[in-house]
Enquirer: 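Sending over a structure as structure tokens; questions will come in a sec.
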Amino acid sequence: MIRTVESAPLASAPVLAAYSYCEAVTGQQARNFAYGIRLLPTPKRRAMSALYAFSRRVDDIGDGALSGDVKIARLEDTRELLTRIREHAVDEDDTDPVALALAHAADAFPIPLGGLDELIDGVLMDVRGETYETWDDLKVYCRCVAGAIGRLSLGVFGTERGARGAERASEYADTLGLALQLTNILRDVREDAEGGRTYLPSDDLAKFGCSAGFSGPTPPEGSDFAGLVHFEVRRARALFAEGYRLLPMLDRRSGACVAAMAGIYRRLLDRIERDPEAVLRGRVSLPGREKAYVAVRGLSGLDARHVTRTVRRRA
């Protein structure tokens, strides 16, 4: 069973300032994520913000305009920083607020920091321009950039004492990360194509006549783009169904956080399913009021209770 530390170490003024910086980064750059973590108690919310800020730094290196060699060097520098955090070599007078906040969070919670190494590995795959022939190939990438985040988050959330099936919590957190990442890939298919990236498996693209790519607001001529999207949506829904088995294992507020974040992405998936070509015309998103509704629904425990009933019926 994975459990969080009951009493987090007291935070000094420099540490609190570092957490404030990470929360500002999260609020400005991760609106979907921010809607979820606002449901957490303060220590967990701060720890999740530190994880996000570090992850964002890694992503920004990969998405930036620097040359590939410089990106690789900076990612390895970031890995060295992670080693310093792991070895408790970050002092309170450190000038890097993200390092300071993450170091404190890692002392407060059993966060498997190796997941951030996996994230760096995944971004290196982006920098090197890797493509994916099959879903099994793409899963390796998704596990690095998203499944690992699910497992890192579980280190903060912990599981409830005596939770049924808690030995599989890490597996479910990983699977939920895959579901979110596949939804992201569908949402950003044109944006990624314009940046020279293709994530959907080439086998799937060929099956639906989409190997020519997505450079414009309309599908490739003669393709079954809607068929491709619906195929990937079904795959994502299966991942969500499996990953949602995590919810009954979490405490109420952690479960609400996960339900809110996952619920936002499931609603994005619904929109994409209804109008597949929308992803070629621009970024599909949810209005703030709908995100707020999903957050309230998560806090109410409706999703967790539904999943619990479903799991018991299948058992």
Enquirer: Please determine whether the number of non-hydrogen atoms from other residues, nucleotides or ligands lying under 6.0 Å from atom OH of Tyr21 exceeds 12.
Expert: no

Enquirer: Between Arg79 and Asp121, does the salt bridge (Lys or Arg N to Asp or Glu O under 4.0 Å) criterion hold? Intermediate values first, please.
Expert: CA-CA 10 Å; Arg79 200 190 298 275; Asp121 291 339; 2.9 Å; yes

Enquirer: Can you find a heavy atom in the side chain of Glu232 that is under 4.5 Å from one in the side chain of Ile185?
Expert: no

Enquirer: Which atom pair, heavy atoms only, marks the closest approach of Ala179 to Leu239?
Expert: CB-CB, 3.6 Å

Enquirer: Looking at every non-hydrogen atom in both residues, tell me the closest pair between Cys210 and Phe225 and how far apart they are.
Expert: SG-CA, 4.0 Å

Enquirer: Taking the side chain as every heavy atom from C-beta outward, state whether Tyr199 and Cys142 have any pair of such atoms under 4.5 Å apart.
Expert: no

Enquirer: Using links of under 4.5 Å between side-chain heavy atoms of ILVMFWY residues, direct or through other members, which residues join Val70 in one cluster?
Expert: Leu66

Enquirer: Is Asp270 paired with Arg266 through a side-chain N to carboxylate O contact shorter than 4.0 Å?
Expert: no

Enquirer: When rounded to the nearest 0.5 angstrom, what distance separates CG in Leu269 from CZ in Arg274?
Expert: 10.5 Å

Enquirer: Taking the side chain as everything from C-beta on, heavy atoms only, tell me whether Pro219 gets closer than 4.5 Å to Leu280.
Expert: yes

Enquirer: Heavy atoms, side chains only, cut-off 4.5 Å: are Arg237 and Glu273 in contact?
Expert: yes

Enquirer: With rounding to the nearest 0.5 Å, note down the distance linking CD1 in Ile61 to CD in Glu76.
Expert: 10.0 Å

Enquirer: Starting at OG of Ser49, measure out to CZ of Arg56 and round the result to the nearest 0.5 Å.
Expert: 13.5 Å

Enquirer: Does the pair Leu176 and Tyr265 meet the rule for a side-chain contact (heavy atoms from CB on, under 4.5 Å), with working shown?
Expert: CA-CA 11 Å; Leu176 200 53; Tyr265 278 87; over 6 Å; no

Enquirer: Ala173 and Gly150: which non-hydrogen atoms are nearest, and at how many Å?
Expert: CB-O, 3.5 Å

Enquirer: Do Phe157 and Leu40 come close enough that some side-chain heavy atom pair is under 4.5 Å?
Expert: yes

Enquirer: Using the rule side-chain contact (heavy atoms from CB on, under 4.5 Å), only one of Leu82, Leu113, Leu119 pairs with Phe54; which is it?
Expert: Leu82

Enquirer: Just wondering, more than 12 heavy atoms not from Arg74 lying within 6.0 Å of its CZ?
Expert: no

Enquirer: What are the two closest non-hydrogen atoms of Gly209 and Pro220, and how far apart are they?
Expert: O-CB, 4.2 Å

Enquirer: Side chains of His230 and Pro276: does their closest heavy-atom pair fall under 4.5 Å?
Expert: yes

Enquirer: Of the non-hydrogen atoms in Ser285 and Leu268, which two are nearest, and what is the gap between them?
Expert: CA-CD2, 3.6 Å

Enquirer: Shortest non-hydrogen contact from Arg151 to Arg143?
Expert: NH2-O, 3.4 Å

Enquirer: Is a salt bridge present between Glu80 and Arg84, judged by a nitrogen-to-oxygen distance below 4.0 Å?
Expert: no

Enquirer: Kindly compute the distance separating CG (Leu180) from CD1 (Ile264), expressed to the nearest 0.5 Å.
Expert: 9.5 Å

Enquirer: Might you work through the side-chain contact (heavy atoms from CB on, under 4.5 Å) test for Tyr141 and Glu130, ending with a clear yes or no?
Expert: CA-CA 9 Å; Tyr141 169 78; Glu130 293 195 24; over 6 Å; no

Enquirer: Of the options Ile37, Leu102, Val98, which is the one that meets Leu51 in a side-chain contact (heavy atoms from CB on, under 4.5 Å)?
Expert: Leu102

Enquirer: Consider only side-chain N and O atoms of Thr175 and Glu242, and report whether a donor and an acceptor are under 3.5 Å apart.
Expert: no

Enquirer: So, taking the atom named CZ in Arg197 and the one named CG in Asp63, what distance separates them when rounded to the nearest 0.5 Å?
Expert: 5.0 Å

Enquirer: Is the backbone N or O of Asp96 less than 3.5 Å from a side-chain atom of Asp94, with the two atoms forming a donor-acceptor pair by type?
Expert: yes

Enquirer: Set out, in order, the CA-CA distance, both residues' side-chain angles and the distance that settles side-chain contact (heavy atoms from CB on, under 4.5 Å) for Val229 and Glu277, then state yes or no.
Expert: CA-CA 9 Å; Val229 170; Glu277 291 188 24; over 6 Å; no

Enquirer: For residues Tyr19 and Leu100, determine if any side-chain heavy atom of one lies less than 4.5 Å from a side-chain heavy atom of the other.
Expert: no

Enquirer: Using the side-chain contact (heavy atoms from CB on, under 4.5 Å) rule, take Asp275 and Arg281 through it: C-alpha gap first, then chi angles, then the decisive distance, then the call.
Expert: CA-CA 11 Å; Asp275 184 6; Arg281 298 191 296 268; 2.5 Å; yes

Enquirer: For the CD atom on Glu133, are there more than 12 heavy atoms of other groups (residues, nucleotides or ligands in this structure) within a distance under 6.0 Å?
Expert: no

Enquirer: Considering only residues two or more places apart or on different chains, which pairs with a residue in residues 211-226 satisfy side chain to side chain donor-acceptor pair (under 3.5 Å)?
Expert: none

Enquirer: Can you measure from CG (Asn184) to CD (Glu191) and round to the nearest 0.5 angstrom?
Expert: 10.0 Å

Enquirer: Check for a donor-acceptor pair, side chain of Tyr52 on one end and backbone N or O of Gln29 on the other, with a separation under 3.5 Å.
Expert: yes

Enquirer: Are any non-hydrogen side-chain atoms of Met48 and Ser153 less than 4.5 angstrom apart?
Expert: yes

